[in-house]
Amino acid sequence: MIKIAVLVSGGGTNLQALIDAQNAGAFPNGEIALVLASNQKAYALERAKNAGIESAVISRKSFDDPAEYDRAIVKALQSRQIDLVVLAGFLSILGKPVIDAYPDRIINIHPSLIPSFCGAGFYGLRVHQAALDYGVKVTGATVHLVNEIPDGGRILLQKAVEIQPEDTPEILQRRVMEEAEWKILPQAVAMLCRQLDQKENKG
Ligand code: GRF
């Protein structure tokens, strides 16, 4: 069984999509074992509590040294034998200690079709504002592996979403979540759990 940690900073609708998928039996080879928040006020923590999932908060602000923060995250993950790390609206950028501890085992959901509108500074509504400003007619979401380049790891899944003439960043953000993020993130988690479980059973 693959133990999954979901890292969050905000509302946690992607976390909710994962919880709902788990309850519907979508992860026969995995279970969400930990929700780790970068911020005590994240509503995602309520969602974890309602689902009976263990949660913890590690706030970047409590660490002067970013490497210390990374080490605290690794410790929280390793002490619970986490196998797969899912960034679902996690706003801190993870450093080398975390990436090295979980090679090809950290995934992120980004609300655009990478390589468009991604990288440093592209988060939240800014991503959708940039897509509208550019005038693209199609956007979407991407699940990718995490490496040291922001939004730069190997792409696992993408789904396109059409832009409508009257879209605002808020309306577009919601449509991208509903039509793409909440679908491909659980799909990617199911796929990786299956692959990692097979690997473990062979090894
Ligand atoms: C999502 O749009 C996700 O793609 C981005 O941050 C947002 C998080 O939303 N990385 P939520 O906390 O899952 O509701």
Side-chain angles (χ1 to χ4, degrees), residues 4-23 26-27 32 34-51 53 55-60 73 84-94 98-99 106-132 136 138-147 149-163 167-190 192:
I4 306 160
V6 185
L7 274 54
V8 294
S9 298
T13 62
N14 280 286
L15 167 66
Q16 192 63 53
L18 292 170
I19 293 170
D20 294 346
Q22 169 160 283
N23 291 342
F27 309 144
I32 305 171
L34 176 68
V35 170
L36 188 59
S38 63
N39 151 25
Q40 182 71 55
K41 293 196 182 124
Y43 183 71
L45 290 167
E46 278 302 306
R47 298 181 191 271
K49 195 170 154 201
N50 294 339
I53 299 168
S55 65
V57 179
I58 303 183
S59 160
R60 174 145 235 161
I73 290 182
L84 174 64
V85 179
V86 179
L87 310 186
F90 187 66
L91 291 179
S92 295
I93 292 181
L94 296 175
V98 188
I99 291 160
I106 309 177
I107 64 172
N108 180 46
I109 177 92
H110 182 76
S112 76
L113 294 174
I114 291 175
S116 291
F117 315 119
C118 64
F122 284 100
Y123 60 88
L125 286 172
R126 291 174 185 221
V127 179
H128 304 290
Q129 182 71 62
L132 293 174
V136 292
V138 175
T139 184
T142 303
V143 179
H144 62 91
L145 291 172
V146 172
N147 62 16
I149 303 160
D151 298 325
R154 186 160 64 81
I155 291 173
L156 298 178
L157 290 177
Q158 289 188 305
K159 193 164 192 300
V161 174
E162 279 186 23
I163 291 181
D167 275 349
T168 62
E170 290 79 6
I171 292 171
L172 183 57
Q173 179 182 51
R174 182 75 193 179
R175 186 176 324 108
V176 169
M177 284 177 158
E178 283 174 358
E179 293 183 9
E181 295 183 46
W182 301 342
K183 293 183 177 164
I184 62 172
L185 187 59
Q187 276 171 21
V189 168
L192 282 174

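Positions are given from 1 along the sequence. Atoms within each ligand, like the ligands themselves, are counted from 1 in listed order.
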**Q** Look up atom NE2 in His110 and atom CD1 in Ile155, then write down how far apart they are to the nearest 0.5 Å.
**A** 10.5 Å
**Q** Check whether any N or O atom of Asn108, backbone or side chain, sits under 3.5 Å from an N or O atom of ligand 1, and answer yes or no.
**A** no
**Q** Among residues at least two apart in sequence or on other chains, which ones pass side-chain contact (heavy atoms from CB on, under 4.5 Å) with Ile171?
**A** Asp167, Thr168, Arg175
**Q** Has ligand 1 got any nitrogen or oxygen that is less than 3.5 angstrom from a nitrogen or oxygen of His110?
**A** no
**Q** Does Val8 reach ligand 1, in the sense of a heavy atom lying below 4.0 Å from it?
**A** no
**Q** Roughly how far, to the nearest 0.5 Å, is CG of Leu87 from CD1 of Ile107?
**A** 8.0 Å
**Q** So, is Gln173 polar-close to ligand 1, with some N/O to N/O distance under 3.5 Å?
**A** no
**Q** Going by atom type alone, with no hydrogens or angles, which donor-acceptor pairs under 3.5 Å involve a side-chain atom of residues 120-128 and a protein atom two or more places apart or on another chain?
**A**
| from | atom 1 | to | atom 2 | distance (Å) |
| --- | --- | --- | --- | --- |
| Tyr123 | OH | Arg126 | NH2 | 3.4 |

**Q** Just by distance, do the side chain of Ser9 and the backbone of Leu91 share a donor-acceptor pair under 3.5 Å?
**A** yes
**Q** May I ask you to identify the nearest protein heavy atom to atom 3 (C) of ligand 1, giving residue, atom name and distance to one decimal place in Å?
**A** Glu181 OE1, 3.1 Å
**Q** Under 4.0 Å from a heavy atom of Gly89: give me the atoms of ligand 1 that qualify, with their elements.
**A** 6 (O), 8 (C), 10 (N)
**Q** Consider every N or O of Ile109 and every N or O of ligand 1, then say whether any pair is closer than 3.5 Å.
**A** yes
**Q** Show me which atoms of ligand 1 lie under 4.0 Å from any heavy atom of Met177.
**A** 1 (C), 2 (O), 9 (O), 14 (O)
**Q** Between the side chain of Arg47 and the main-chain N/O of Gly11, is any donor-acceptor distance below 3.5 Å?
**A** yes
**Q** Would you indicate whether Glu178, at its atom CD, is surrounded by more than 12 heavy atoms from other residues, nucleotides or ligands within a distance under 6.0 Å?
**A** yes
**Q** Give a yes or no on whether the backbone of Phe117 and the side-chain of Ser112 come within a donor-acceptor separation of less than 3.5 Å.
**A** yes
**Q** What's the shortest distance from atom 12 (O) of ligand 1 to any protein heavy atom, and which residue and atom give it?
**A** Gly12 N, 2.8 Å
**Q** Quick one: nearest non-hydrogen protein atom to atom 14 (O) of ligand 1, plus distance?
**A** Thr13 OG1, 2.6 Å
**Q** Based purely on interatomic distance, does Gly10 place a nitrogen or oxygen under 3.5 Å from a nitrogen or oxygen of ligand 1?
**A** no
